[in-house]
Amino acid sequence: MISQENTFNIQELETIVGKDNISLWENIDPTKKQQISRAIAPNNTINCIVYPETQTQLSDVVACCAKNNWVILPCGSGSKLHWGGFVKVDPTTHHQGIIVVSSDRLNRLIEHAVGDLTVTVEAGMKYAELQATLAKTGQFLAIDPAYPETATIGGIIATADTGSLRQRYRGVRDMLLGISFVRSDGKIAKGGGRVVKNVAGYDLMKLFTGAYGTLGIISQVTFRVYPIQEASGTVVLVGEKNNIAQATQTLLSSALTPVAFDLLSSNLVEQLDLGKGVGLIVRFQTIIDSVEEQSNRLLEVGDKLGLNSTRYQDYEAELWNELKHKIWHSQENTEVICKIGVMPNKAVEIFNQPALEKGLGLIHAGIGLGELHFNSVSPENILELRRWCESVGGFLTVLAAPLEMKEKLDVWGYHQNGLDLMRGIKQKFDPQNILNPHSFVGGI
């Protein structure tokens with residue numbers, strides 16, 4: 001319910017964005033309601049969704065929320081809103097409910113400097129739309145996010161969602177050149193710029209990448225982009241774990257230059273109909289002769305180790321799409337998706353853990369980051385896997401899980417000495433604690 005006091009404030013928002021750009025909670029599509037509700041702690045109330053159309057409107061909306069002590073849930077398409085912890089209204093701060101601030105209509109291309117290999121866009125632009133625009137000039141953004149059909153640029157940055165292309169192109173923060181965002185008080189701030197060689201200002205790009213919307217609302221970003229390569233080819237090796245581990249180390253110490261390089265659990269290999277055993281999927285993208293040569297050299301490595309070695313070209317794109325679908329797309333609310341990180345030389349060992357027997361696992365072999373997907377798993381099994389990851393210097397974060405599991409678990413599982421620094425940064429950027437409060441690491 002919206003109180004009479006808050007009704008006036010809703011009208012105040014209408015003067016900023018217009019009635020057509022506000023939807024009260026009771027009028028929102030049920031599917032959208034369910035999607036947003038997964039990001040909110042039980043017994044918390046959402047007042048409405050606001051759709052600013054310009055950066056100035058976004059600034060005014062945030063200022064209005066700050067003045068009225070509303071909690072803000074930043075939202076793009078909503079595909080990753082359910083990742084991590086819940087947004088909670090803290091009764092001790094007298095917050096007056098939750099406003100969802102959507103970037104859906106902040107979706108314009110600002111500038112594409114083709115010759116400089118840079119592009120500037122608003123945060124609500126869909127990843128798929130940006131890639132289609134860049135492809136017209138033979139360029140692409142080297143990010144491989146979880147939900148490429150629906151993911152927005154702002155959501156990708158907020159969750160640091162790089163994907164398999166991290167092997168060649170590094171992370172989201174390494175491709176960001178500039179950022180504009182709206183502070184919790186409604187002021188517009190900027191960092192970086194629109195050129196590759198840029199030393200202006202603080203490195204806010206790295207700070208905002210993976211901050212899950214807790215420091216400000218991203219409005220515009222500038223990325224470096226890359227030329228689309230002439231040819232692409234994928235090699236899959238399948239077999240016994242120790243031999244796959246040996247093939248992984250051979251590739252890591254070789255002169256081969258894959259753009260993607262992932263370890264697959266035996267269950268994932270079976271679901272993709274790639275054979276029996278642990279898998280290694282490797283993608284090369286460069287000129288035709290180099291793809292051919294590198295693929296053949298990896299096939300030789302597989303043959304020497306007695307692995308089932310297959311090269312994919314015609315079916316290559318479909319294979320990678322199906323791999324992504326198996327890991328990220330949930331069919332039931334009982335499913336759990338985790339992000340893990342271990343040292344690369346320990347990556348194969350996670351497939352030996354009993355708690356992963358019924359799950360699907362994908363590890364980016366050169367980096368040690370990866371994802372685990374379970375149709376159903378107990379909190380005890382998740383904690384068992386977390387303890388193993390921590391025992392080898394790694395981590396496990398629960399991204400998506402049923403409500404009752406997230407209430408029982410610390411989904412982030414981080415208790416190191418960086419927490420005080422992170423809390424200090426949050427206090428500086430959001431002293432009223434209205435941006436996604438209590439949803440991030442350590443209850444930030």
Side-chain angles (χ1 to χ4, degrees), residues 83-85 146 159-164 166-167 170-171 210 212 239-253 261-269 277-281 327-328 335-402 404-423 440-444:
W83 284 12
T159 56
D161 184 20
T162 306
S164 295
R166 177 186 285 269
Q167 172 63 32
R170 305 175 68 187
Y212 280 73
E240 196 271 329
K241 278 194 284 282
N242 289 337
N243 289 341
I244 288 292
Q246 190 173 339
T248 300
Q249 291 305 312
T250 299
L251 180 51
L252 284 172
S253 60
F261 176 24
D262 295 338
L263 288 160
L264 313 178
S265 68
S266 56
N267 289 337
L268 184 53
V269 167
V278 174
L280 183 66
I281 182 169
I327 290 292
W328 292 114
E335 291 176 305
V336 176
I337 300 174
C338 302
K339 181 176 180 178
I340 67 165
V342 295
M343 295 296 291
N345 62 356
K346 299 289 185 180
V348 177
E349 292 185 25
I350 195 169
F351 300 146
N352 295 325
Q353 304 309 306
L356 193 55
E357 283 181 1
K358 296 182 180 180
L360 307 178
L362 180 151
I363 313 293
H364 309 308
I367 296 97
L369 297 176
E371 296 83 35
L372 309 177
H373 183 131
F374 303 89
N375 286 330
S376 181
V377 66
S378 69
E380 292 74 23
N381 283 343
I382 292 297
L383 291 175
E384 180 184 339
L385 278 170
R386 175 176 284 167
R387 284 191 291 270
W388 180 84
C389 290
E390 291 174 345
S391 74
V392 295
F395 70 88
L396 182 148
T397 296
V398 179
L399 296 180
E404 56 272 18
M405 180 178 287
K406 284 196 173 183
E407 289 183 308
K408 294 177 182 177
L409 288 173
D410 174 1
V411 297
W412 298 101
Y414 179 83
H415 304 284
Q416 305 304 315
N417 55 12
L419 272 179
D420 287 342
L421 176 60
M422 295 166 72
R423 290 186 175 119
F440 197 41
V441 179
I444 293 174

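Proximity of Gln249 to Asn345: side-chain heavy atoms (C-beta onward) are separated by under 4.5 Å at one or more points. Put simply, the side chain of Leu252 reaches to within 4.5 Å of the side chain of Phe261, judged on heavy atoms. The side-chain heavy atoms of Leu372 and Leu396, taken from C-beta on, include a pair separated by under 4.5 Å. Using a 4.5 Å heavy-atom cutoff, the side chains of Thr162 and His364 are not in contact. Put simply, the side chain of Val336 reaches to within 4.5 Å of the side chain of Pro402, judged on heavy atoms.
The distance from atom CG of Leu280 to atom CD1 of Ile363, rounded to the nearest 0.5 Å, is 12.0 Å. A distance of 7.5 Å separates CG in Leu409 from CD1 in Ile382, rounded to the nearest 0.5 Å. Here the CD-NE2 distance, from Glu335 to His373, works out to 3.5 Å after rounding to the nearest 0.5 Å. To the nearest 0.5 Å, atoms CZ (Arg423) and CD1 (Ile444) are separated by 6.0 Å. Taking CG from Asp161 and CD from Glu371, the interatomic distance works out to 8.0 Å, rounded to the nearest 0.5 Å. Distance CD/Gln416 to CD/Glu390: 7.5 Å, rounded to 0.5 Å.
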Donor-acceptor pairs under 3.5 Å, side chain of residues 346-362 to any protein atom, not counting sequence neighbours: which ones?
| from | atom 1 | to | atom 2 | distance (Å) |
| --- | --- | --- | --- | --- |
| Asn352 | OD1 | Lys241 | NZ | 3.3 |
| Gln353 | NE2 | Glu349 | O | 3.3 |

* **Derivation of the side chain to side chain contact (heavy atoms under 4.5 Å, CB included) call for Trp83 and Lys339** => CA-CA 10 Å; Trp83 284 12; Lys339 181 176 180 178; over 6 Å; no
